[in-house]
Novice: 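Please see the structure below; I have some questions.
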2 protein chains.
Amino acid sequence: MKTEDTKSKILDVAQDLIQRIGVNAMSYHHISEAVGIRKASIHHHFPRKEDLLEEVLKRYQLGFTKIVDQIIDSDLSPTTKLRRYMELFEATLQEGNHDKACLCGMLGAELTTIGSSSAGLVKSFYKENEDKIVQILKQGVEQGVFKFPGDVKLTAKMIFSFLEGGLLIVRAQGNLKQFRGMMNQCLKLLGAV
Amino acid sequence: MKTEDTKSKILDVAQDLIQRIGVNAMSYHHISEAVGIRKASIHHHFPRKEDLLEEVLKRYQLGFTKIVDQIIDSDLSPTTKLRRYMELFEATLQEGNHDKACLCGMLGAELTTIGSSSAGLVKSFYKENEDKIVQILKQGVEQGVFKFPGDVKLTAKMIFSFLEGGLLIVRAQGNLKQFRGMMNQCLKLLGAV
DNA sequence: GTCTATAGCGCGATAGAC
DNA sequence: GTCTATCGCGCTATAGAC
């Protein structure tokens, strides 16, 4: 198999495992079984586990940013933009066996056990997402469709916190519909519906 | 040392480690160094790691519930009650080296890797906290000090999600003041200030 | 109740053949 | 690029002396 295809498949499986069981519970053995190659072959592509984690994180953020930018750059209403944004998190919950959380939400809990380079990527994911939510909120406030008191940045941070935390809590409780319920409630609190 | 004192110290250290690095990164070796006894002695008190985790969880929930009930049963205003409740989470962030999150927030990420008995305790912590927030919100709505649209239960779940997620995100970013900022913003969105 | 010693396993990682 | 084989380590857990 071509190098890039194999690397890509390893990244897919690794990301899936981290989102389900966490990076500390994930092993090269797990990956090798899912990909269908031996542990040593994984090490050929990603010598250290830390290398693999960094690549997963970089790819995840790139993909996420791309989709979010498409939402922000669209001509949808701010309310719909925020809804679409939140649906990206909801979609994670609906994948596979409904036991996946956000990659960076999982790694937030394991942050003190991963390398500083990976930790930096997680933090940058947080910062970037908060900034994107700020953009959406500002558009809504300017157009008068969001009507809420207080600070836009803190509200954005709160929304991001609720999305990351909500994935973990709803995943545990197994009632996926409640995540959508929270999304709608969030929009109501913003005076957006 | 008396059995109960030793057990208590082991539980203290284990809880602290889980809140900082997670249950999968925590080992009997870590605990033995911090407590000052050997690994085998830990196994005498808690034969399996799963036993230890369950005891930590039971004690944590009992302690947390006790404090929350004191808040709810007090004659404080609903706004102050909610603020006090949120300050319990903020206090975690301020302990030690500022690298601790909520025990059950951490375990939410590791939920698929722990025993079903422990997982059940985590879920019960989530449910109980949501119910407590519902109680506070209802009091505030009845007294007319909380003015927000939509559903109380979903709002409570959203607040709890934001608190659990917020601890992980703010911990990563190292700016503890922002947690208090989010708390205040939360009260504003509820029409409480 | 605590200790030393060790079993038994899974892990990340490497060497070297093909 | 993938393989077999293996190293060395840390882990959970147990046996048995004190």
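Each chain gets a letter, A, B and so on, in the order the sequences are listed, and its residues count up from 1. It should be emphasised that the depicted structure is a prediction, and the values quoted were computed from it without experimental measurement. Below, all heavy atoms of this structure are taken into account, side chains as well, without hydrogens, waters or symmetry copies.
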Novice: What is the distance, to the nearest angstrom, from the CG atom on B:L17 to the P atom on D:dC11?
Specialist: 11 Å

Novice: Need to verify one output field. Residue with the more 5' nearest nucleotide on DNA chain C, A:E50 or B:G36?
Specialist: B:G36

Novice: Looking at C:dC3, C:dG12, D:dT12, which one has an atom nearest to any side-chain atom of B:K49?
Specialist: D:dT12

Novice: Shortest non-hydrogen contact from B:I10 to B:H45?
Specialist: CD1-CD2, 3.8 Å

Novice: Are B:K127 and B:D131 within salt-bridge range, i.e. N to O under 4.0 Å?
Specialist: yes

Novice: Using ring centroids (six-membered ring only for Trp), state whether A:Y85 and A:F160 fall under 6.0 Å.
Specialist: no

Novice: Nearest to the side chain of A:H30, which nucleotide is it out of C:dC11, C:dA13, D:dC3?
Specialist: C:dC11

Novice: Work out which heavy atom in A:F125 is nearest to a heavy atom in A:C102; give both atom names and the distance.
Specialist: CE2-SG, 4.0 Å

Novice: So, is A:R38 close to the D:dT4 phosphate, meaning a side-chain N or O under 4.0 Å from OP1 or OP2?
Specialist: yes

Novice: What's the closest nucleotide to the side chain of B:H29 if the choices are C:dA13, D:dC11, D:dT12?
Specialist: D:dC11

Novice: Looking only at the side chain of A:H43 (C-beta and beyond, no hydrogens), which of the listed nucleotides D:dC11, C:dT14, D:dT14 gets closest?
Specialist: C:dT14

Novice: Nearest-Å distance, CD1 (A:I42) to P (C:dA13)?
Specialist: 12 Å

Novice: Which comes earlier along DNA chain D counting from the 5' end, the contact point of B:M26 or that of A:T6, where each point is its nearest nucleotide?
Specialist: A:T6

Novice: Once you apply a heavy-atom cut-off of 4.0 Å, does B:S41 come out as touching a base, just sugar-phosphate, or nothing?
Specialist: base

Novice: Measure from CG on A:N24 to P on D:dG10 and round the result to the nearest Å.
Specialist: 16 Å

Novice: Given D:dT12, C:dT2, C:dG12, which nucleotide is nearest the side-chain atoms of B:H44?
Specialist: C:dT2

Novice: Phosphate oxygens OP1/OP2 of C:dC11: is one of them under 4.0 Å from a side-chain N or O of A:S27?
Specialist: yes

Novice: When you get a sec, tell me which of D:dT14, C:dT2, C:dA15 is the closest nucleotide to the side chain of A:A40?
Specialist: C:dA15

Novice: Can you tell me the distance, in whole Å, between the CG atom of A:D5 and the P atom of D:dT2?
Specialist: 10 Å

Novice: Starting at atom CD of B:E33, determine the distance to atom P of D:dG10, rounded to an integer number of angstrom.
Specialist: 11 Å

Novice: Would you kindly give the CG-to-P distance between A:D51 and C:dT14, to the nearest whole Å?
Specialist: 10 Å

Novice: Exactly one of A:K177, A:R180, A:R171, A:R84 should register a salt bridge (Lys or Arg N to Asp or Glu O under 4.0 Å) with A:E90. Which one does?
Specialist: A:R180

Novice: Tell me the interatomic distance from A:L52, atom CG, to C:dC11, atom P, rounded to whole angstroms.
Specialist: 15 Å

Novice: So, OP1 or OP2 of C:dT2: does either fall under 4.0 Å of a side-chain N or O from B:H45?
Specialist: yes

Novice: Between P on D:dG16 and NZ on B:K39, what's the gap in Å once rounded to a whole number?
Specialist: 19 Å

